[in-house]
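Naming: A, B, ... by sequence-line order, numbering from 1 per chain. What you see below is based on every heavy atom in this structure, not just the backbone, and it leaves out hydrogens, waters and symmetry mates.
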Amino acid sequence: MDIMQILGLVIPAAIFAAAPLILTALGGLFSERAGVVNIGLEGLMVMGAFTAIITTLTLEGMGMGGPVVILLALVISILIGSLFSLFHAVASITFRADQIVSGVALNFLAVGLTVFIVRLLYNKGQTDYISNRIYRMDVPLLSDIPFIGPLFFSSAYMTSYVAILLAVIVYFVIFYTPFGLRLRSVGEHPMAADTMGINVNRMRYIGVMLSGAFAGLGGAVFALTVTGNFSATTIVGQGFMALAALIFGKWNPLGALGAALFFGLAQALSITGQQIPLLSDVPPVFLLIAPYVLTILALAGFVGRAEGPKAIGKPYIKGSR
Amino acid sequence: MAKLLPKGRLLSWSVPLIAVFLGIFIGAIIMLVSGYNPITGYSALIRGIFSDTYYLGETIRMMTPLILAGLAVAFAFRTGLLNIGVEGQLIVGWLASVYVGIAFDLPAVLHLPMAILAGALAGALWGFIPGLLKAKFQVHEVIVTIMMNYIALYTANAIIRSYLLVPGERTESINQSASLSSPFLQSLTDFSRLHWGFVVAILACVIMWFILWRTTKGYELRAVGLNQHASQYAGMNVQRNIILSMLISGGFAGVAGAMEGLGTYGYMSILSGFSGLGFDGIAVALLGANTAIGVVLASFLFGGLKIGALNMQSQAGVPTELVEIVIALIIFFVASSYIIRWVMNRVKKEDI
């Protein structure tokens, strides 16, 4: 097997696997940059996946089909994701709950609530499979480029490119707009931000709701491309892996993008590794645990220090220092 | 109105009680909205806990790992650490105890303690790593423990798959000499899976209470939890105390895994996902206010809810997931105790 074949096998798979991670990590970025830890990304993804599948199934039942259904499913997932994130926002910002505990509760609640509703609607623990999925397609023009074209732009999922594009946009928003500056200031030094007339709690609400929107989209993309139906085990660990990508990427959108692509590569290798000569001797478990081990090493400073926003995890109480 | 409000010691009990009430109340609303009768639902649930010795036995069996997982979280909490890694520590403890249970052939007096100890050691090792990183590199333990959970899950599955696999995607059953299961207890409870593990759990409660409140080391651990800088100034070794706390916490979690391996199942399966016990441990510790006795009471509530939910589904048709929702809501409300206290203070002021 020559190198082109290997790359042709691995790179599209990596980009494909990375898309939900990129989207969810960007969501986490908004929340954490505003100073709210979001362990609940997993639960928000569950909510997004659930909404996307239920919407698609319902619209299919009404006789609709095609890209309209997919688009509607994605939009509704974004809305439901941001609404559901309000649980975390209210508990951790207004009620001053421990943000980590509130996030853990959010994960519980998402799985309990969605499977409860699925049982209610379908009388069983999982939904049927949807027939309108997101399909692979060639990007016009770009896929004709020699060498790069077949690797990156042919028979790929559009959502992957949307995710990568969004990472660039988020980078710009966070670092080059007044909104981004306010969001970061609230996460670094809320008291200073308050003094400058920024409504700290409102910024934090926006951050958490954006995280819900993005994670909902991430979950929806995962469900519409990978699984095709919904059950309690549809999202297992994707949200935590996105959180890992966020930290590994040092709370920077482009860093998170790179980390998510890298984790996607690890996932792709653990699936296709058996077909690649050098890797077939490596037990797949090493590739499975690689993202987590690397995150720990990054945090310990062995891969360059990862330092989060300073005010993260603390509720802002006006007037206290 | 103010006279009705609890004071002093009762006040500290009232927040968890209100949280439980609110959780169950919203659960009732969810049942109503989705077309079930909450009274039928909840009475089926309560019957599912108390009506039959079988269910009572199952509830106590369910409580056993919950108590230990709760103690693990509570112990870390006491020293100012949040151990989200109980799930992973439980998995490696489960695997280690089952391995010792299979690999050795010893008299029960030696074999059983050795198997439990193996579980504790494996869990302690899994807690040691985040503890060390926290102490030496100031890495936040929450993220590290979450990552350790996944490493534990995948590694344990890989080990079972390559070295211990028998048909049925699981390990062999452990030798009888390492087993906690007891025909006597089973016959007493209409052949539930009740085993001697609950004695271990109660013992662990006593051990935690003793370490924290009757030893110098326990005083240090609590002091570090309350104020690291003051403890440092008083000459305590903060770093060593953080590592020790995670070691002990992981040890409790490992024993929780051993209870599943040596008691309930007698083997370990390849896990498709987390058992959920570790995360329930967080709920148990929160609701139990990080005290040994509180953990036991909270474990009874959650263990009962989980076992009773099965009856609720078969008799009233309410999906078992309702109980998961109620538990999640209870965690929300306990964590949001600030707002509960705020409302109580408001009511007090109005009367004055």
Side-chain angles (χ1 to χ4, degrees), chain A residues 37 39 43 87-88 90-92 94-120 125 232-233 236-237 240-241 243-244 247 270 283-289 291-296 298-302 305-306 308 312-313 315, chain B residues 30 34-36 82 84 129-130 132-133 136-140 142-159 161-162 272-274 276 279-280 282-283 286 313 317-340 342:
Chain A
V37 185
I39 304 273
F87 259 106
H88 185 49
V90 171
S92 60
T94 307
F95 291 178
R96 297 180 196 170
D98 187 308
Q99 295 173 4
I100 288 158
V101 173
S102 153
V104 170
L106 194 78
N107 292 337
F108 267 118
L109 191 64
V111 176
L113 205 59
T114 52
V115 179
F116 182 82
I117 297 173
V118 166
R119 275 195 205 285
L120 217 61
T233 53
V236 269
F240 286 115
M241 206 187 257
L243 190 69
I247 296 163
S270 66
V285 62
F286 287 111
L287 293 164
L288 270 176
I289 64 173
Y292 307 110
V293 175
L294 281 167
T295 306
I296 293 177
L299 280 166
F302 299 127
R305 190 116 187 95
I312 204 162
Chain B
I30 293 175
S34 40
Y36 300 107
L82 189 47
I84 305 269
I129 296 167
L132 182 76
L133 292 175
K136 298 287 177 200
F137 301 102
Q138 283 84 46
V139 183
H140 205 291
V142 166
I143 305 296
V144 180
T145 48
I146 288 175
M147 301 300 140
M148 294 294 287
N149 285 344
Y150 284 96
I151 297 173
L153 178 67
Y154 292 130
T155 311
N157 282 349
I159 290 174
R161 200 165 277 140
S162 359
S272 61
F274 290 125
F279 300 116
D280 287 341
I282 301 168
L286 271 176
Q313 182 160 33
V318 185
T320 48
E321 280 74 22
L322 183 88
V323 161
E324 307 291 323
I325 300 173
V326 169
I327 290 179
L329 290 170
I330 293 175
I331 306 176
F332 261 120
F333 289 120
V334 179
S336 314
S337 62
Y338 160 76
I339 201 74
I340 296 178
W342 183 81

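Residue contact with chain A, scored on non-hydrogen atoms closer than 4.5 Å, is absent for Phe333(B). Heavy atoms closer than 4.5 Å to chain A are found in both the backbone and the side chain of Val144(B). Contacts of Val115(A) with chain B are made by both backbone and side-chain atoms, with heavy-atom separations under 4.5 Å. Neither the backbone nor the side chain of Ser92(A) comes within less than 4.5 Å of any heavy atom of chain B. Both the backbone and the side chain of Leu322(B) come within less than 4.5 Å of a heavy atom of chain A. Within the 4.5 angstrom heavy-atom criterion, no atom of Val90(A) approaches chain B. With a 4.5 angstrom heavy-atom cutoff, Asn149(B) does not touch chain A via any of its atoms. Interface residue Ile282(B): only side-chain heavy atoms are found under 4.5 Å from chain A. Only the side chain of Ile146(B) comes within less than 4.5 Å of a heavy atom of chain A; its backbone N, CA, C and O stay farther away. For Phe87(A), the parts sitting under 4.5 Å from any heavy atom of chain B are the backbone and the side chain alike. Looking at Val334(B), there are no atoms closer than 4.5 Å to chain A (heavy atoms on both sides), in backbone or side chain. Proximity to chain A (any heavy atom under 4.5 Å) is shown, for Ile340(B), by neither the backbone nor the side chain. Heavy-atom distances place both the backbone and the side chain of Ser102(A) under 4.5 Å from chain B.
Note that the CD1 atom of Ile331(B) and the CZ atom of Phe108(A) stand 5.0 Å from one another [nearest 0.5 Å]. Of the inter-residue distances, the one linking Ile143(B) atom CD1 with Thr145(B) atom OG1 reads 8.0 Å to the nearest 0.5 angstrom. The line from CE of Met148(B) to OG1 of Thr155(B) is 8.5 Å long, rounded to the nearest 0.5 Å. The CD1 atom of Ile39(A) lies 6.0 Å from the CD1 atom of Ile84(B); values are rounded to the nearest 0.5 Å. With rounding to the nearest 0.5 angstrom, the CD atom of Glu321(B) is 11.5 Å from the CD1 atom of Ile327(B).
Across all their heavy atoms, Gln313(B) and Pro319(B) have their closest contact at NE2-CA, 4.0 Å. The two residues Gly43(A) and Asn107(A) come nearest to each other via the heavy atoms N-OD1, 2.7 Å.
With hydrogens and angles disregarded, a donor-acceptor distance shorter than 3.5 Å links the side chain of His88(A) to the backbone of Val37(A).
Among Ser34(B), Ala158(B), Gly273(B), the residue making the largest number of heavy-atom pairs under 4.5 Å with chain A is Ser34(B). The most heavy-atom pairs under 4.5 Å with chain B, out of Ile100(A), Thr114(A), Val236(A), Leu243(A), come from Ile100(A). Among Ala91(A), Ala97(A), Ala110(A), Pro291(A), the residue making the largest number of heavy-atom pairs under 4.5 Å with chain B is Ala97(A). In terms of heavy-atom pairs under 4.5 Å with chain A, the best-connected choice from Tyr154(B), Tyr150(B), Phe279(B) is Tyr150(B). Per-residue counts of heavy-atom pairs under 4.5 Å with chain A were compared for Arg161(B), Met147(B), Lys136(B); the largest is that of Met147(B).
You'll find the side chain of Phe137(B) stays beyond 4.5 Å of the side chain of Leu132(B), heavy atoms only. Using a 4.5 Å heavy-atom cutoff, the side chains of Ile296(A) and Ile151(B) are in contact.
Within 6.0 Å of the CZ atom in Phe274(B), the count of heavy atoms belonging to other residues, nucleotides or ligands exceeds 12.
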